[in-house]
Novice: 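The following block contains the structure, expressed as structure tokens.
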Protein chains: 2
Amino acid sequence: MLKVSRKFEYGLHAVVFLARKEPEAVVTVKEMSLEIGFSQEFLAKAMQNLKRAGIAVSVQGVNGGYRLAKSPDDITVSDIGRAIEGEPHLMRCSAENGKCEIQATCTHRPYMFMLERRIDSLLADTTVTSLLLSR
Amino acid sequence: MLKVSRKFEYGLHAVVFLARKEPEAVVTVKEMSLEIGFSQEFLAKAMQNLKRAGIAVSVQGVNGGYRLAKSPDDITVSDIGRAIEGEPHLMRCSAENGKCEIQATCTHRPYMFMLERRIDSLLADTTVTSLLLSR
DNA sequence: CAAAACAAGACAAATTTAAACCTATTTATC
DNA sequence: GATAAATAGGTTTAAATTTGTCTTGTTTTG
């Protein structure tokens, strides 16, 4: 229930991994996937998502790789989620623009939408820095 | 991202539907599925989950059906989620008892676990009654 | 006993997720 | 300039999960 995708987990770990390095250090997908221990190709996709979302920066060519685009203080779990899985949509009617087979009788949409926003707020309050500090 | 299953949506709607009736009214799955507008057989499965979780009560035989087992005040979105989708597990390591391929270097588990609990608290604060009142 | 309804397992279809594959393009280095 | 290391990104395959159906059984009222 309410779980995130494996791709999200990969991306999250990669961001935390990068956050532990020097800010300017460029790390290859290969290194990250070996160090952390999962599919290189699949992590590469997650990194591309993170790049497009402005969370990571890529450097092409030999000695290339990725580094964070901004401070770990300014990257939240919500940002990573949106980058990799898209906008949060608790219910289908949230994703599909209010369309739903039971629109007529449904009274609980406003409340559920609020719940959706509150959940996202929790994710948005969790920065990568806070993940680094825990343990 | 972070969406609930269709089965959960069906179950939620059914519970709200029952909550609008008189407390002792027994309603068939057929009536609910026709009224609300989705697969009768599939809703039946959701109702069985709700029954096993002590949220609904079934009455077998002719004139049978379901009614709520308790007040809409005492049924939360979290209860319904657990009944239908099981315990909330944001990450795999939460579901699989801490096991994860990157245990060694992972520093962010405690924080993510807290996040998971906070999300569940939000769901647990949302009663079926609050859903009825909204709009 | 017949019909209406839940119970529950097995099966099938559809969708989503995860992973692999392949061909580019970029770029440092020799 | 050739080569090798790396990202870019599209296509396809495979696995897993979700969704839905089917079938058989049980309960209960009339």
Side-chain angles (χ1 to χ4, degrees), chain A residues 1-14 18 25-34 36-53 55-69 81 83-86 89 91-92 95-96 101, chain B residues 1-14 18 25-69 81 83-86 89 91-92 95-96 101:
Chain A
M1 177 189 180
L2 283 187
K3 67 181 187 304
V4 298
S5 68
R6 195 172 279 231
K7 193 176 181 185
F8 171 91
E9 290 192 23
Y10 288 5
L12 181 64
H13 272 104
L18 289 175
V26 168
V27 183
T28 66
V29 168
K30 187 177 180 184
E31 182 182 340
M32 287 193 284
S33 71
L34 286 176
I36 312 184
F38 35 54
S39 159
Q40 175 175 342
E41 299 259 27
F42 196 48
L43 174 60
K45 299 295 186 194
M47 293 312 300
Q48 285 172 21
N49 290 150
L50 292 172
K51 181 209 158 190
R52 287 192 205 107
I55 293 171
V57 167
S58 75
V59 176
Q60 288 197 323
V62 180
N63 301 330
Y66 287 95
R67 62 179 175 79
L68 294 185
I84 291 181
E85 299 187 24
H89 291 299
M91 322 273 290
R92 276 173 309 134
E96 292 159 18
E101 58 268 48
Chain B
M1 179 190 178
L2 282 188
K3 68 181 186 304
V4 299
S5 69
R6 197 171 279 231
K7 193 174 181 186
F8 171 90
E9 290 192 23
Y10 288 4
L12 180 64
H13 273 104
L18 290 175
V26 168
V27 183
T28 66
V29 168
K30 188 176 180 185
E31 182 182 341
M32 286 193 283
S33 71
L34 286 177
E35 184 84 19
I36 311 185
F38 35 55
S39 160
Q40 175 175 343
E41 299 261 25
F42 197 49
L43 174 59
K45 297 297 184 190
M47 292 312 300
Q48 285 173 20
N49 290 148
L50 292 171
K51 182 207 157 191
R52 288 193 203 104
I55 292 171
V57 168
S58 74
V59 177
Q60 286 196 327
V62 178
N63 302 329
Y66 288 95
R67 61 178 177 80
L68 294 185
I84 291 181
E85 300 186 25
H89 291 300
M91 322 273 290
R92 277 174 307 136
E96 292 160 18
E101 58 268 50

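Quick note on labels: first sequence line is chain A, next is B, and so on, each numbered from 1. Predicted, not measured: the structure shown is a model, and the values here were computed from it.
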Novice: Think A:Y10 has a side-chain N or O under 4.0 angstrom from the OP1 or OP2 of C:dA19?
Specialist: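 For A:Y10, the contact criterion (side-chain N or O under 4.0 Å from OP1 or OP2 of C:dA19) is met.
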Novice: Given D:dA8, C:dA8, D:dG20, which nucleotide is nearest the side-chain atoms of B:F42?
Specialist: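 Among the listed nucleotides, the one closest to the side chain of B:F42 is D:dG20.
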Novice: May I have the distance from B:Q40 (atom CD) to C:dC6 (atom P), rounded to whole angstrom?
Specialist: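 Roughly 8 Å, once rounded to whole Å.
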Novice: Which nucleotide, C:dA19, D:dT21, C:dT27, lies nearest any side-chain atom of A:Q60?
Specialist: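 From the listed options, C:dT27 comes nearest.
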Novice: Among D:dG9, D:dT7, C:dA19, which nucleotide has an atom closest to any side-chain atom of A:R52?
Specialist: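 Taking heavy atoms from C-beta onward, the closest nucleotide is D:dG9.
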Novice: Choosing from D:dC22, C:dA20, D:dT18, which nucleotide comes nearest the side chain of B:E41?
Specialist: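 So the nucleotide nearest the side chain must be D:dC22.
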Novice: Can you confirm whether B:Y66 sits close enough to B:Q48 that some side-chain heavy atom of one is under 4.5 Å from a side-chain heavy atom of the other?
Specialist: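 With C-beta onward as the side chain, the pair touches.
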Novice: Measuring to OP1 and OP2 of D:dT7, would you say a side-chain N or O of A:T28 lies under 4.0 angstrom away?
Specialist: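 So the side-chain polar atoms of A:T28 never come under 4.0 Å of the phosphate oxygens OP1 or OP2 of D:dT7.
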Novice: Rounded to whole Å, please give me the gap between CG in A:N49 and P in D:dA8.
Specialist: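 My rounded result for the distance is 11 Å.
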Novice: Among the nucleotides D:dC22, C:dA20, C:dC6, which one has an atom lying closest to any side-chain atom of B:Y66?
Specialist: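 Minimum distance to the B:Y66 side chain belongs to C:dC6.
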Novice: Would you say the side chain of A:R6 lies within less than 4.5 Å of the side chain of A:F38, judging by non-hydrogen atoms?
Specialist: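 SC-SC contact between A:F38 and A:R6 ruled out.
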Novice: Using only modelled atom types and a 3.5 angstrom limit, is any donor from either the side chain of B:K7 or the base of D:dG20 paired with an acceptor on the other?
Specialist: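 Donor-acceptor pair under 3.5 Å: no.
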Novice: Would you say the side chain of B:N63 lies within less than 4.5 Å of the side chain of B:V26, judging by non-hydrogen atoms?
Specialist: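 They are not in side-chain contact.
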Novice: Restricting to non-hydrogen atoms, name the atom on A:A25 and the atom on A:R67 that form the minimum distance, rounded to 0.1 Å.
Specialist: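 Looks like O-CB, 3.2 Å.
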Novice: Nearest whole angstrom, please: distance from the C1' of C:dT17 to the CZ of B:R92.
Specialist: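 For the pair B:R92 CZ and C:dT17 C1', the rounded distance is 12 Å.
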Novice: NZ of B:K30 versus C1' of C:dA4: gap in Å, rounded?
Specialist: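 Nearest whole value for this atom pair: 9 Å.
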Novice: In terms of side-chain heavy atoms of A:R6, which of D:dG10, C:dA18, D:dC22 is nearest?
Specialist: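 Nearest listed nucleotide: C:dA18.
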Novice: Expressed as a whole number of angstroms, how long is the span from A:Q48:CD to D:dT11:C1'?
Specialist: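 It is 14 Å, rounded to the nearest whole Å.
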Novice: Nearest-Å distance, NZ (B:K45) to C1' (C:dA7)?
Specialist: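 Value for this atom pair: 8 Å.
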Novice: Can you tell me the distance, in whole Å, between the NE2 atom of A:H89 and the C1' atom of C:dT16?
Specialist: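 After rounding, the reported distance stands at 16 Å.
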Novice: Exactly one of A:K7, A:K3, A:E9 should register a side chain to side chain contact (heavy atoms under 4.5 Å, CB included) with A:S5. Which one does?
Specialist: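 Among A:K7, A:K3, A:E9, the one that satisfies the side chain to side chain contact (heavy atoms under 4.5 Å, CB included) with A:S5 is A:K7.
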Novice: Quick one: on DNA chain C, does B:G65 or A:S39 contact a more 5' nucleotide (nearest heavy atom)?
Specialist: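 The residue closer to the strand's 5' end, by nearest nucleotide, is B:G65.
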Novice: Can you tell me if A:K51 touches the phosphate of D:dA8, counting only side-chain N or O atoms and a distance under 4.0 Å to OP1 or OP2?
Specialist: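 So the side chain of A:K51 is within the cut-off, an N or O lying under 4.0 Å from OP1 or OP2 of D:dA8.
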Novice: Using whole Å, what does the distance between atom C1' of nucleotide C:dA14 and atom CZ of B:F38 come to?
Specialist: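 Rounding to the nearest Å, CZ of B:F38 and C1' of C:dA14 are 19 Å apart.
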Novice: To the nearest 0.5 Å, tell me how far A:K45 NZ sits from A:I84 CD1.
Specialist: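 The CD1 atom of A:I84 is 13.5 Å from NZ of A:K45, to the nearest 0.5 Å.
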Novice: OP1, OP2 of C:dT29 versus side-chain N and O of A:N63: anything below 4.0 Å?
Specialist: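 Looking at the OP1 and OP2 atoms of C:dT29, one of them is under 4.0 Å from a side-chain N or O of A:N63.
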Novice: Let's see if you can work this out: which of D:dT7, C:dA10, D:dA4 has an atom nearest to the side-chain heavy atoms of A:V62?
Specialist: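 The answer is D:dA4.
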Novice: Using a cut-off of less than 4.0 Å, is there contact between a side-chain N or O of B:S58 and OP1 or OP2 of C:dA5?
Specialist: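 No, because none of the side-chain N or O atoms of B:S58 sits under 4.0 Å from OP1 or OP2 of C:dA5.
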Novice: How would you label the contact of A:G61 with the nucleic acid (heavy atoms, under 4.0 Å): base, sugar-phosphate, or nothing?
Specialist: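 If one applies the 4.0 Å heavy-atom cut-off, A:G61 turns out to touch a base.
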